[in-house]
K.L.:
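Below are the structure tokens for one structure; questions will follow.
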Number of protein chains: 2
Amino acid sequence: MTDMLKQGSATAASRIYETLRQDLLNGRYRAGERLSITRLRETYQVGLSPLREALNRLAAYGLLRQENQRGFRVLELSREELADITEMRRQLEGRALELAVRHGDEEWESQLLAANHRLSLTDKRTFVVEWEQLHSRFHNALVAPCGSAWLLRFISQLHDQFDRYRRVAPRALELRHQLDAQHQELVDLALARDARRARELIEEHITLSSEVAMLSCRQA
Amino acid sequence: MTDMLKQGSATAASRIYETLRQDLLNGRYRAGERLSITRLRETYQVGLSPLREALNRLAAYGLLRQENQRGFRVLELSREELADITEMRRQLEGRALELAVRHGDEEWESQLLAANHRLSLTDKRTFVVEWEQLHSRFHNALVAPCGSAWLLRFISQLHDQFDRYRRVAPRALELRHQLDAQHQELVDLALARDARRARELIEEHITLSSEVAMLSCRQA
DNA sequence: CTAGGTCAAATAATCGATTATTTCTAGAAA
DNA sequence: TTTCTAGAAATAATCGATTATTTGACCTAG
């Protein structure tokens, strides 16, 4: 989806899709909230057709729920789903990182170092949106050379899902610091080509960030 | 998506989505073919808006590719992607079946027996479309109680992808017979609650059907 | 006072027409 | 002959208006 924006003229539908996706990830809309099409039209100053097309894509992607004749709703959050997403991320990202460590080349090492550097330079609390984007890019860079397009696709999708939970997570400074430290450790293990320990660490990393998110997630 | 049709009045968009999805799985359109919106409108006798919404959903789902200002194309087929899909299916369905065998209840056992019975009664060559549907349902039934909604979602998606390859597969009677026999074995292992061997068998099953499909898949 | 039903307002879905972009064709220049 | 460039035709994307469905308020019957 992202590369649509790069390659030449993006359509109104693609632009509003990306904007809405970002706003959904950043928690602009409450979980379970009904999205009035008329209101969205006014908010984003966009025509009806491209808006509806974007909403249809988001529903198929899993960020919205579509009920026939009753429009679109933001998906609900629940402890059960967070647990599900977390376990899936552990499986898929764990495997992907193992493969990436085996197959990644020098170019990958450079990208990884760069992504981690940019991330560590950005203050999480001052530049929330920017930090989230860099964080996503870092995790993407980690698994990028795993060799499986479908694995990467599912990982991105789960990452977007997970971000909605992360967005409501409490500060928990101690744990946050620990999570940040793990990013550096992940780079070290990747460069050392230690596939096994890299996998173990990313699984821990995912579990830990899930626990932070779980703190704020009301009982379902 | 399927339950939209059940619950009351389906919209035109939902109906055409499901129809198009089936036609894509059944190979009505060539791989890589450009889908002219005007022609689709005539073919399915449907309005422009619902049609475009359905196409947007299918693109987000991964059965179509959308190029801005240049409409929609059927996705290409390649040996590489088939290998990727196959490996993902092995991982995900293997794991799902293991979990399902552990957690499935008596109701599941009944559903499984029923699905397998219906499948074995239907002649593959006379009722192609019906057989494909029953085959999908059987595989769905197998993993249904795995406990993870996202795992099931990804498995269904990969199954749809795989079906496009299966559709172009050659007869290969000998192998087909072997694949059919495995369905019965899978039921037996499931009822015997042998999670490990069930997992091994479904992985073999997936690999074998992939090899059949690979026979007809031109070098990419 | 409540349950059920009807009508009006709100809103989602669809249609038909318009606009913008790409693709094709033909002609001109190198 | 080939390549580049209009111009025309085709087609994708968008808009504005219309239709269909749902929601909620109000009213009546029990």
Side-chain angles (χ1 to χ4, degrees), chain A residues 1-21 23-24 28-30 32-61 63-76, chain B residues 1-21 23-24 29-30 32-76:
Chain A
M1 286 292 161
T2 321
D3 44 10
M4 269 192 188
L5 304 178
K6 293 174 198 167
Q7 65 167 53
S9 49
T11 60
S14 293
R15 268 179 279 127
I16 186 62
Y17 169 86
E18 199 50 42
T19 307
L20 270 170
R21 177 171 156 273
D23 285 352
L24 286 166
R28 173 159 179 178
Y29 300 99
R30 289 191 318 278
E33 177 176 351
R34 214 164 137 279
L35 295 181
S36 156
I37 292 189
T38 320
R39 207 157 310 139
L40 290 176
R41 251 183 69 131
E42 289 163 7
T43 307
Y44 296 100
Q45 289 295 304
V46 71
L48 189 59
S49 312
L51 176 60
R52 286 193 59 88
E53 291 186 15
L55 292 171
N56 272 277
R57 288 188 213 177
L58 287 163
Y61 184 63
L63 283 174
L64 294 179
R65 195 155 54 86
Q66 181 167 25
E67 292 168 297
N68 283 336
Q69 319 286 14
R70 272 187 269 178
F72 298 84
R73 309 188 80 92
V74 180
L75 277 190
E76 291 75 14
Chain B
M1 287 292 161
T2 321
D3 44 10
M4 270 192 186
L5 304 177
K6 293 173 196 168
Q7 65 170 51
S9 49
T11 60
S14 293
R15 269 179 279 127
I16 186 63
Y17 169 86
E18 199 49 44
T19 307
L20 270 170
R21 176 171 156 273
D23 285 351
L24 285 165
Y29 300 99
R30 290 192 317 278
E33 178 177 351
R34 211 161 141 281
L35 294 182
S36 154
I37 293 189
T38 320
R39 207 158 308 140
L40 290 175
R41 251 183 69 130
E42 289 163 8
T43 308
Y44 295 100
Q45 289 295 304
V46 70
L48 189 61
S49 312
L51 175 59
R52 287 192 58 89
E53 291 185 15
L55 292 171
N56 273 277
R57 288 188 213 177
L58 287 164
Y61 184 63
L63 283 174
L64 294 180
R65 195 155 55 86
Q66 181 167 25
E67 292 168 296
N68 283 336
Q69 319 285 13
R70 275 188 268 177
F72 298 83
R73 309 187 79 92
V74 180
L75 278 190
E76 290 74 14

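Throughout, protein chains are lettered first and strands after them, A, B, ... in sequence-line order, and every chain is numbered starting at 1.
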K.L.:
Within the side chain of R73(A), is there an N or O that forms a donor-acceptor pair under 3.5 Å with the backbone of G32(A)?
P.N.:
yes
K.L.:
In whole Å, I'd like the distance from the CG atom of N56(A) to the C1' atom of dA13(D).
P.N.:
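My rounded result for the distance is 15 Å.
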K.L.:
For DNA chain C, what residues of residues 40-48 of chain A have any heavy atom nearer than 4.0 Å?
P.N.:
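Per residue number, the list reads L48(A).
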K.L.:
Does the side chain of R57(A) come within less than 4.5 Å of Q66(B)'s, by heavy atoms?
P.N.:
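In short, these two side chains touch, coming nearer than 4.5 Å.
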K.L.:
In whole angstroms, how far is the C1' atom of dT22(C) from the CD atom of Q69(B)?
P.N.:
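Those two atoms, CD and C1', are 8 Å apart.
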K.L.:
Scan nucleotides 6-11 of chain D against the protein and return all N/O pairs shorter than 3.5 Å with their distances rounded to 0.1 Å.
P.N.:
none

K.L.:
Applying the side-chain contact (heavy atoms from CB on, under 4.5 Å) criterion to V46(B), which one of L51(B), L20(B), L40(B), T19(B) satisfies it?
P.N.:
L51(B)
K.L.:
Does a side-chain heavy-atom distance below 4.5 Å link F72(A) with L58(A)?
P.N.:
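They are not in side-chain contact.
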K.L.:
Just the rounded figure in Å: distance from C1' of dT23(D) to CZ of R73(A).
P.N.:
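Taking CZ of R73(A) and C1' of dT23(D), I get 13 Å after rounding.
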K.L.:
In whole angstrom, what separates R52(B)'s CZ from dT19(C)'s C1'?
P.N.:
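After rounding, the gap between these two atoms is 13 Å.
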K.L.:
Could you point out which residue of N56(B), L75(B), L35(B) forms a side-chain contact (heavy atoms from CB on, under 4.5 Å) with L64(B)?
P.N.:
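Result for side-chain contact (heavy atoms from CB on, under 4.5 Å) with L64(B): L35(B).
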K.L.:
Output all residues satisfying side chain to side chain donor-acceptor pair (under 3.5 Å) with R34(B), sequence neighbours left out; order by chain, then residue number.
P.N.:
none
K.L.:
Using whole Å, report how far CD of Q66(A) lies from P of dA12(C).
P.N.:
11 Å
K.L.:
Which whole-number value in Å describes the distance from E67(A) CD to dA12(C) P?
P.N.:
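It works out to 12 Å between those atoms.
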K.L.:
Round to the nearest Å and state the distance from R70(B) atom CZ to dT21(C) atom P.
P.N.:
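The distance from CZ of R70(B) to P of dT21(C) comes to 14 Å, rounded to the nearest Å.
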K.L.:
Atom CG of L55(A) to atom P of dT14(D): distance rounded to whole Å?
P.N.:
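Checked: the CG to P distance equals 14 Å.
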K.L.:
Enumerate the salt bridge (charged side-chain N to carboxylate O under 4.0 Å, His left out) contacts for residues 39-53 of chain A, please, sequence neighbours excluded, ordered by first and then second residue.
P.N.:
R52(A)-E53(B), E53(A)-R52(B)
K.L.:
Output all residues satisfying side chain to side chain contact (heavy atoms under 4.5 Å, CB included) with E76(A), sequence neighbours left out; order by chain, then residue number.
P.N.:
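Testing E76(A) for side chain to side chain contact (heavy atoms under 4.5 Å, CB included), a comparison that skips the adjacent residues, returns R65(A).
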K.L.:
Kindly write out the residues that satisfy salt bridge (charged side-chain N to carboxylate O under 4.0 Å, His left out) with R28(A), not counting sequence neighbours, or none if the list is empty.
P.N.:
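Counting only residues at least two positions away or on another chain, R28(A) forms a salt bridge (charged side-chain N to carboxylate O under 4.0 Å, His left out) with D23(A).
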K.L.:
Given that G71(A) and S49(A) both sit by DNA chain C, which one's nearest nucleotide is further toward the 5' end?
P.N.:
G71(A)
